[in-house]
Amino acid sequence: MGVINVTPDSFSDGGRYLDHEAAIARGHELIGDGADVIDVGGESTRPGAEGVPLDEELRRVVPVVAALSPHTRVSIDTRKAAVAEAAIAAGATLVNDVSASLFEVAAAAGPAVGFVAMHMLGDPRTMQANPTYDDVVADVREFLVSRAGAARAAGVEEVWIDPGIGFGKTTAHNLALLRHLDVLVSTGFPVLIGTSRKRFLGELLAAADRPISAETVGSDDRLEGSIATAVWAMVQGARMVRVHDVRATVHAARVVAG
Ligand code: HH2
């Protein structure tokens, strides 16, 4: 799954694809690089981000979804039912909802439309304040199985689960979820995971034996960690990885797959 953020403020590619032409061109590039799905989002959910008004989110994403959906599967990354509905009308067939609540919209659209239930603690404005869990892996699993079950009960046939790396999680929480990904895989729901360019990758480099300063590891410098964790996740049984650097990730996955 290749990412296009049609936003001014996403943490790694904010501002680059706010222009529709640039976003659509990027989508074609990602398809050429080997993406099977393009995830289009119009609202940043980075820690501390403020929400975006409905009209503005619609204006950002609908033309991009309409232009790309004849060429590839498009997923819509949104927390708003009206945006999900408009994106489906424009050709999207996967609702990627970081609040795990829009399954009714996917269900109403019929069997061609799937749903991703992602785990987030709180909301983007406050989620990194002081995230705490009894047992992060068990808590996330329980939440996802419950939401995915609700989506199935509502009539969605294709339901994915995603632990929401970085969404109300410390580096230790992210690592526990990656290390124990088998716990999510064993639920039977297909697992999607997104580590791409996330902050904890820079923190791990800063904490290594021969540290690289976290400040010098900007989000564009997290490629190796993004690829390593994507391949790790696939080896553990994740069925889809959400990445910005599609070409490099596809190449790495093909090498490991032999
Ligand atoms: N991560 C981000 C956004 N959407 N969706 C799923 N299913 N899983 C994720 O891990 C996930 C997601 C955050 O990354 P990005 O889109 O690059 O940044 P921003 O939220 O700042 O637009």
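Read the numbers this way: they start at 1 and go in the same order the structure lists the ligands and their atoms.
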Point to revise | For N5, atoms of ligand 1 separated by under 4.0 Å from a heavy atom | key: 15 (P), 16 (O), 17 (O), 18 (O), 22 (O)
Point to revise | Which residue and heavy atom of the protein sit nearest atom 1 (N) of ligand 1, plus the separation | key: K198 NZ, 3.1 Å
Point to revise | Matching residue for L144 among T187, V159, I161 - test: side-chain contact (heavy atoms from CB on, under 4.5 Å) | key: I161
Study note, to complete from the structure: The atoms of ligand 1 lying under 4.0 Å from a heavy atom of S10, numbered in the order shown, are 19 (P), 21 (O), 22 (O)
Review point. Is the closest side-chain heavy-atom distance between D134 and D139 below 4.5 Å?
Key: yes
Point to revise | Over 12 non-hydrogen atoms of neighbours within 6.0 angstrom of CZ in R125 | key: no
Check your understanding: Is E21 atom CD crowded by more than 12 heavy atoms from other residues, nucleotides or ligands, each under 6.0 Å away?
Key -> no
Review point. Quick one: nearest non-hydrogen protein atom to atom 17 (O) of ligand 1, plus distance?
Key: H244 NE2, 2.8 Å
Review point. If you measure from each heavy atom of R197 to ligand 1, is any distance below 4.0 Å?
Key: no
Check your understanding: Looking at ligand 1, does W160 have a heavy atom less than 4.0 Å from it?
Key -> no
Revision key, fill the gap. Of all protein heavy atoms, the one nearest atom 21 (O) of ligand 1 is S44 OG, 2.7 Å
Point to revise | Check: D245 side chain, A248 main-chain N or O, donor-acceptor pair, under 3.5 Å | key: no
Study note, to complete from the structure: Heavy-atom proximity to atom 7 (N) of ligand 1, picking from N96, V6, V116, points to N96
Point to revise | Where ligand 1 meets V98 - atom numbers and elements under 4.0 angstrom, heavy-atom basis | key: 4 (N), 5 (N), 12 (C)
Study note, to complete from the structure: Nearest non-hydrogen contact to atom 8 (N) of ligand 1 from the set D162, V243, D77, I165 belongs to D162
Review point. So between I4, D97, T45, D13, whose heavy atom ends up nearest atom 20 (O) of ligand 1?
Key: T45
Exercise for review: List every atom of ligand 1 that sits less than 4.0 Å from any heavy atom of L192, numbering the atoms from 1 in the order shown and giving each element.
Suggested key: 7 (N)
Exercise for review: Step through the shown structure and confirm whether more than 12 heavy atoms of other residues, nucleotides or ligands are within 6.0 Å of CD on E142.
Suggested key: no
Exercise for review: Say whether D39 and S75, considering side chains only, have a donor N or O and an acceptor N or O under 3.5 Å apart.
Suggested key: yes
Check your understanding: Is atom CZ of R247 surrounded by more than 12 heavy atoms (other residues, nucleotides or ligands) closer than 6.0 Å?
Key -> no
Check your understanding: Any idea which part of M118 is under 4.0 Å from ligand 1, heavy-atom wise: side chain, backbone, both or neither?
Key -> side chain
Review point. Any N/O of D9 closer than 3.5 Å to an N/O of ligand 1?
Key: no
Exercise for review: Please determine if E43 has a nitrogen or oxygen closer than 3.5 Å to a nitrogen or oxygen of ligand 1.
Suggested key: no
**Study point:** D97 side chain to L102 backbone, donor-acceptor under 3.5 Å
**Key:** yes
Review point. Which is it for I193 and ligand 1 at heavy atoms under 4.0 Å: side chain, backbone, both or neither?
Key: neither
Check your understanding: For atom 3 (C) of ligand 1, what's the nearest protein heavy atom and its distance?
Key -> R242 NH2, 3.3 Å
Review point. For P163, does its backbone N or O pair with a side-chain atom of K169 as donor and acceptor, under 3.5 Å?
Key: yes
Practice item. On the 0 to 90° scale, with breaks at 30° and 60°, tag the H119-Y133 ring pair as parallel, tilted or perpendicular. Key: tilted
Point to revise | Residue G194 vicinity, atoms of ligand 1 by number, heavy atom under 4.0 Å | key: 10 (O)
